[in-house]
Each structure stands twice: as structure tokens, then as C-alpha cells.
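Below is one structure; the comments refer to it alone.
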Number of protein chains: 2
Amino acid sequence: MATIYDVARHADVSAATVSRVLNGRGSVDPTLTERVLAAVAELGYRRNAVARNLRKQQTSLWAVIISDVQNPFFTSMVRGIEDVASAAGCSVVLCNSDENPEKESKYIGVALSEQMAGVIISPSSDRTEDFNLLPDSGCPVVMVDRQVKGVRCDSVLVDNEHGAEEATTHLIEQGYERIACITGPRRLSTAAQRLRGYRNAFKAAGRPVDESLIRAADFREHGGHDAMAALLDAAGPAPDAVFVANNLMTVGAMECLAERGRVIPDDIALVGFDEIPWADLVRPSITTVEQPTYEEGRAAAELLAHRIANPDRALTQQTLKTTLRVRASSTRPTPLSP
Amino acid sequence: MATIYDVARHADVSAATVSRVLNGRGSVDPTLTERVLAAVAELGYRRNAVARNLRKQQTSLWAVIISDVQNPFFTSMVRGIEDVASAAGCSVVLCNSDENPEKESKYIGVALSEQMAGVIISPSSDRTEDFNLLPDSGCPVVMVDRQVKGVRCDSVLVDNEHGAEEATTHLIEQGYERIACITGPRRLSTAAQRLRGYRNAFKAAGRPVDESLIRAADFREHGGHDAMAALLDAAGPAPDAVFVANNLMTVGAMECLAERGRVIPDDIALVGFDEIPWADLVRPSITTVEQPTYEEGRAAAELLAHRIANPDRALTQQTLKTTLRVRASSTRPTPLSP
DNA sequence: GCGCCACGTCGTAGATGGTCGCCATGGGCC
DNA sequence: GGCCCATGGCGACCATCTACGACGTGGCGC
């Protein structure tokens, strides 16, 4: 690889002049500029970003720490982030934490070691001290989707509580009596908020919450399946509707229902949180609380860009709205005899 | 951020000794080792990877250039890559080329500038000279999924031709008469190979290929939709089966069929290439040619790791097998009267 | 007309943080 | 007493950026 000195020698100028030409700083005689550019082209010179980063004390890499690259929720978000990063001349380093706090803090360490320009994280633990390493070391951070109290950073969230309340209210209004809830790990803010929304809907309707119909699982397919099975196997009458707090668990729950021969929505209605990819191909089509995932990614990335540009600005928190998409899985089957 | 010199001063040794302790190279007195480690802990020292990379002339970043983060085919592959990279102590930089040759070569430039340890690419163009920049600059490369002739690098492919032939043969054996094919952009090896497999099946069955039933689209949902529409609108009898050469186009085609009220498989049978996420929830369930996507990612990553460790080893090419998963969309409806 | 000042332009040199080759030192063993 | 090995420190090196200083030229003022 040619270095800036090779170019300088070739163009018969100093390395400083080459640097000035390439970075557009200071002023350089047009003749020399031309000679430099010609030398660059001839040698196929490409500046060494590592050396540049060291000297400038900053890189153009953004770490994006999420818990599952395979979840369409995150990929859509990553896409939003990538588009903004790319426009800002930055690259995205993808870190898969796998909902594993160890891996997560490992990646925080990597981001710090690599002097990354910033971090966008969807936390899967609540280790405040790990997260605060970042702002404490002067590394800009934006939290997205999930919230951890006591971390000094910007955040982009969605209105989970309202979304869940709207979904549950919809089921109540459809006349369902025993509405179950499969929520996520208690340590995750999204799970807590969605559960709160579920409760709020009952309160608003003046109805009591049946605690035996609430199950906390792990936001994964298998967990959703097992929670659904547990609900069906529990003593007492089975639920006639279920609100599932994320997309993977929705799939698991549906598979469980299919295994048991329960028909949606005739035997049991279902509303899921998060979008399902290619939802229109799934039968019955699933009523979901849709999140603006791409926009979440964009918003987080823009917040990060702003904070990098201006580290001292006040912390901000942005909350995006969800949309209830009513489809076939939650509409009362028309009674056979009216 | 503390530097190695701060640690050295704190432990009252030289920076070289700190470096030796941290890297386990050379031998250091246990007493000093202890003092160094204590200083590291006390200062919260974290080595500056940028400086290290500059000095060592190598980084621990792998660029992964794919065309669509949102396509489950790629995310599963990325997951495979990430798992291997993580085990090797490397991080993955995700680059979304969006099937855009400009973006793709931009990212190749970034990988070169950032002195990345290696590149895994699923090419969306056939600009041989762009790709060869990498091996020519001594940057290890592995091509995955798609092939570009004349590029000096390792590759991991799947047996597209055989997979497509198997799928088409299955439709022939089911007794379908007018089997259409929606393939991808001609410049992509996968599209060409899958089309060849389709033709092979007819040849093997001793049947002619009806060229009017072949459409090339863009591997995207919209393209699949429009190609399906064009097939239905064409003069002459409509096809009674269709082989669609990737997952996104399969979705598009199914949506088109739904719009037109054509029932799968009664009116038209369908086989898709690539896995569909949560395929079990889709009704009717779709017969697909399944690729070992996670394994493809793993294989590519392992190949990359080997080449990084041993740049002079001979070029290798690995081909993985596909599996035909027969589901409901391609099975002859049982005749009403036997 | 001459001299000084200001500005444009360019090169030198130091800084960035970590690694490692080489050399010096000291202690132990033969 | 001499040799060898363990250990530690110095300084070069990686490629780039940039502060500072130097040089030259042009313009303006006296």
C-alpha cells in the first residue's frame, strides 16, 4: 500500500501538502494540487484510516449493539441506522448480543477500545455501570427501543404502554372475556411497559385483571410457545383471547395453538406486538401493534450524529407512536345464528 | 482515557513491560505483573485498539458486504459469520450495498482504507476490477452465495443448479404441464444457475422448454409481483405452476396471485427458492428449496479466518447442498372424483 | 522608490498510543 | 571467573495530521 510519503515524493511536495490537498484544509497552489492528485491516481493511493483515526483521535465507526440480527424488528432498525450512517460517511459495526449481558459488555469494551465514534444500543441487561462506562469515557451513546434508568444518554423509544393498552382495549371491545397476556422478561423496559398497558386497558374498562392469565416468557419463539401451552393447560376455563408482547413469541404461540388444533380467532383471538414479516402471507392474518422500526433506527442515528457533533447538548428522549393494525386474528367470528 | 504510559507510571515500570504483561509476550517478574494489573484495574485502562492496529498493521474487523440486511437469507448468513468472528475475537462491519454497484465499491474502498482484516462479500455487480482491488492490496476476501468469474478469492456457494432442477423436476412429476419460471437479474450467477437448473429438468424429462414462460425480474418483491402478473396476462393458456428463483419474489408472486383470486395450489402450484421466515405460519405452506444459510455464513467466515492466518494457501471453493422441502403449495389437489 | 507588513503557501517536526527489536544489566550456575 | 538466561528499558516505528515557523510576494504608506 502506498503511503502519503510515496505520494509526496512522486509529486515532489511534502507530505503535509498532500494531506492538505486530500483534506481540503489550508490553501494549496492549484499546480501542486494537480500534481498531488495525479500522483494519487497513479499510485492508487488510499489514505490509511487507522493512522488517521489515531492522529485525529476519532473514528468513523458506529457500534450497533442489538440482541438478534435475525429478528426483523432489529434488521429494519439497523437499516434505518445504516442509511443515516452511510450518508454521514460512517460505517456500522454490528454486534449481536444475543440477549446475553456478558456479550453485551464485551461489545461495549470493544467499542471503547476501538475508539468508536458512537454507540447505538438496544440493551438486553440492566447493568447501569456497564452502560455508563460509555458516556463516562466520552463515547456518545443512544439507547433505542429499550430503556435503562440511570444511564446518561439519549434515547429513542416507542410508546409501548399506549400500544399495548390499545391492543388490549381492542380485544375487550370485541367482547372477549378471558384475555391472557404473554409478556417478556421483567428486566426489559419494553416488557414492563407492555404489561402495564395491558393492565391499564382493564382499569379503563372497569374490569379486574385476572393475574393467572399473565405469563412472563423470554421474548423468544420457544418461550411464547411454552407460555401459550401453560395458559391452555392451566386449571379453569381457557382464555378466549391473548395479547402477545413481541413478534417471536407470537409465532411460538401460534405454533402452539396450531398443534393443539385451536383455531384463531374462532377458539382464541390473538394480537401481537411488533410487525411480522410478510404478514399478509400468514393465515389468518394477525392483528399487530406496529412499530415504526425503520424510523426508530433513523431517529437514533440522527440523535447520535447530533451528539457526536455537539457532545454537550442536553440529553433528549424521543418517543414514537405505534399503530394498531386490525386484521383477522382478533375479530369476533360472526355468530352462526344471529 | 488512560494510556499505557499512565499505567506504567502508576505501576512504576516502563510502558514496554505493561505491554508485555497485557499481551503475555516475553517474561515479566510476577511482582511487576501484579503491580501492572493493579494499575490497570485502578485506572480502568483499556488499550487503544487504533494505536495497536496501526503498529501491528492489522485490525480485527471483518467487512461483510451484502445487498439487503432485511432479507432473512442474509441475516441468517450474517449470524453464521458473526458467530465465527466473535469466537476469533473479531468484529463484523455490516455494509448494505442495496444491490447498488456504486455503494458496493464505496464499501470496498472503506474496507481497504480501514485496513480491515478481511472481507466477505455477496457481490451485486460483476465489476471484476473493483473486487480484485482487494486481493491485489493483500486484503483477504471470500465471496459467498454469488460468484464472479475472474476474481482471485475463495468462495462459498450453494448448488443452485441442482436445487432448481430438483424443484422443477418435482413440479414435472406432480403432473403440471405449463411450468413457468421467474428468475433474477442475468448478471447474478445465482439467477443464471437457477434458470439453468430449470432448463435441465425439462431436458431430463425429455420435454421442451416454453421460453414464453420464463421471466427475469430483479430478485425483489415488486419484481416478483409484476413478473407473475405478466405471466398471467400473457396470451395463451395461463401457467399451472411456477418456480420462483428467490424468496422476496416468491412473496411478490403470492401477493399477485392473491389479488387475482388464484388459489395455490388448485389454480397454480408454486415452488420458491430460499427459505421463507416463519414458513409454517404461511398458508398454504410453501414448497421451497432450502439453503443452509447459517452454514454458508459459517463456512465463509472459517475460510476467511484460514486465509488471514495463511495468505498463501491455494484458493478454494466450497459448494453446499440445498434441500427440497415439499409442502402444500406444490402438491396436486386430490381430484374431486377419483 | 523604498521599506514594512500582511497574507498566502509550504515544509519541518512533533504528537498520537502501542509494540517490539535490541541492548544492557544482573544473578545464578558451572 | 565466565557464560548464559531472565528481565527490563530505550527508542524506533506505524501513517497521518497540524501547529508553527519560514519564505516570498504584493500592496500600501511614507
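Below, each value reflects all heavy atoms present in this structure, side chains not excepted, and no hydrogens, waters or symmetry copies. Here is the naming used below: chain letters follow the sequence lines, and residue numbers restart at 1 for every chain. Only a predicted model underlies this, so the values are computations on that prediction, with no experimental measurement involved.
Dashed line: the shortest gap from a side-chain N or O of S19(A) to OP1 or OP2 of dC17(D) is under 4.0 Å. Put simply, K56(B) has a side-chain N or O that comes within less than 4.0 Å of OP1 or OP2 on dC20(C). Residue S27(B) places no side-chain N or O under 4.0 Å from the OP1 or OP2 atom of dA6(D).
Set against dT16(C), dC17(D), dT19(C), the side chain of Q57(A) has dT16(C) as its closest nucleotide. Residue T3(B) has its side chain nearest to dG17(C) when only dT18(D), dG17(C), dT19(C) are considered. For Y5(A), the side-chain atoms get nearest to dT16(D) when compared with the rest of dC10(C), dT16(D), dC17(D).
We find that CG of L43(A) is positioned 14 Å from P of dA15(D), with the value rounded to whole Å. In this structure, I4(A) places its CD1 atom 11 Å from P of dT18(D), rounding to the nearest Å. Q115(A) has its CD atom 11 Å from the C1' atom of dG18(C), to the nearest Å. Across the protein-nucleic acid pair, M1(A) atom CE and dA15(D) atom P stand 10 Å apart, rounded to whole Å. Rounded to whole Å, the distance from CG on L22(A) to P on dC17(D) is 7 Å. Atom-to-atom, CD of Q58(A) to P of dT16(D) comes out at 17 Å; the value is rounded to the nearest Å. For the pair N23(B) CG and dG21(C) P, the interatomic distance rounds to 12 Å; values are reported in whole Å. R35(A) has its CZ atom 13 Å from the C1' atom of dT9(C), to the nearest Å.
Partners of T316(B) under the side chain to side chain donor-acceptor pair (under 3.5 Å) rule, at least two apart in sequence or in another chain, are D154(B). Taking S27(A) as the reference, nothing meets the side chain to side chain donor-acceptor pair (under 3.5 Å) condition, with sequence neighbours excluded. A search for side chain to side chain donor-acceptor pair (under 3.5 Å) contacts involving R152(B) returns D136(B), not counting sequence neighbours. The salt bridge (charged side-chain N to carboxylate O under 4.0 Å, His left out) test applied to R220(A) returns no partner, not counting sequence neighbours. Not counting sequence neighbours, E129(A) has no partner by the side chain to side chain donor-acceptor pair (under 3.5 Å) test. Residues forming a salt bridge (charged side-chain N to carboxylate O under 4.0 Å, His left out) with R55(B) (at least two apart in sequence, or on another chain): none.
Shown are I120(A), I121(A), V141(A); of these, the side chain to side chain contact (heavy atoms under 4.5 Å, CB included) with C153(A) is made only by V141(A).
A side-chain donor from one of S19(A) and N23(A) sits under 3.5 Å from a side-chain acceptor of the other. Between the side chains of S86(B) and K106(A), at least one donor N or O sits under 3.5 Å from an acceptor N or O.
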Quick one: side chains of residues 109-119 of chain B, donor-acceptor pairs under 3.5 Å with protein atoms, not counting sequence neighbours, listed by atom name and distance.
unit_1  : atom_1 : unit_2  : atom_2 : d
S113(B) : OG     : R47(A)  : O      : 3.3
Q115(B) : OE1    : N48(A)  : ND2    : 3.4
Q115(B) : NE2    : L112(B) : O      : 3.2

Report all side-chain donor-acceptor pairs from residues 35-45 of chain B shorter than 3.5 Å, counting only partners two or more places apart or in another chain.
unit_1 : atom_1 : unit_2 : atom_2 : d
R35(B) : NE     : A11(B) : O      : 2.9
R35(B) : NH2    : A11(B) : O      : 3.1
R35(B) : NH2    : D12(B) : O      : 3.3

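Only L54(A), listed by number, bring a heavy atom of residues 44-54 of chain A to less than 4.0 angstrom from any atom of DNA chain C.
Residue V18(B) is classed as having no contact, given no heavy-atom separation below 4.0 Å to the nucleic acid.
The overall bend of the helix from dG1(C)-dC30(D) to dC30(C)-dG1(D), read as the angle between its terminal helix axes built from five base pairs each, is 50° when rounded to 10 degrees.
Every pair passing salt bridge (charged side-chain N to carboxylate O under 4.0 Å, His left out) that includes a residue from residues 57-81 of chain A is listed here, sequence neighbours excluded: R79(A)-D83(A), R79(A)-D98(B).
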Mind listing the N/O atom pairs, protein and nucleotides 9-11 of chain D, below 3.5 Å?
unit_1 : atom_1 : unit_2 : atom_2 : d
dG9(D) : OP2    : S14(B) : N      : 3.0
dG9(D) : OP2    : S14(B) : OG     : 3.0
dG9(D) : OP2    : T17(B) : OG1    : 3.1
dG9(D) : N7     : R20(B) : NH2    : 3.0
dG9(D) : O6     : R20(B) : NH1    : 3.3

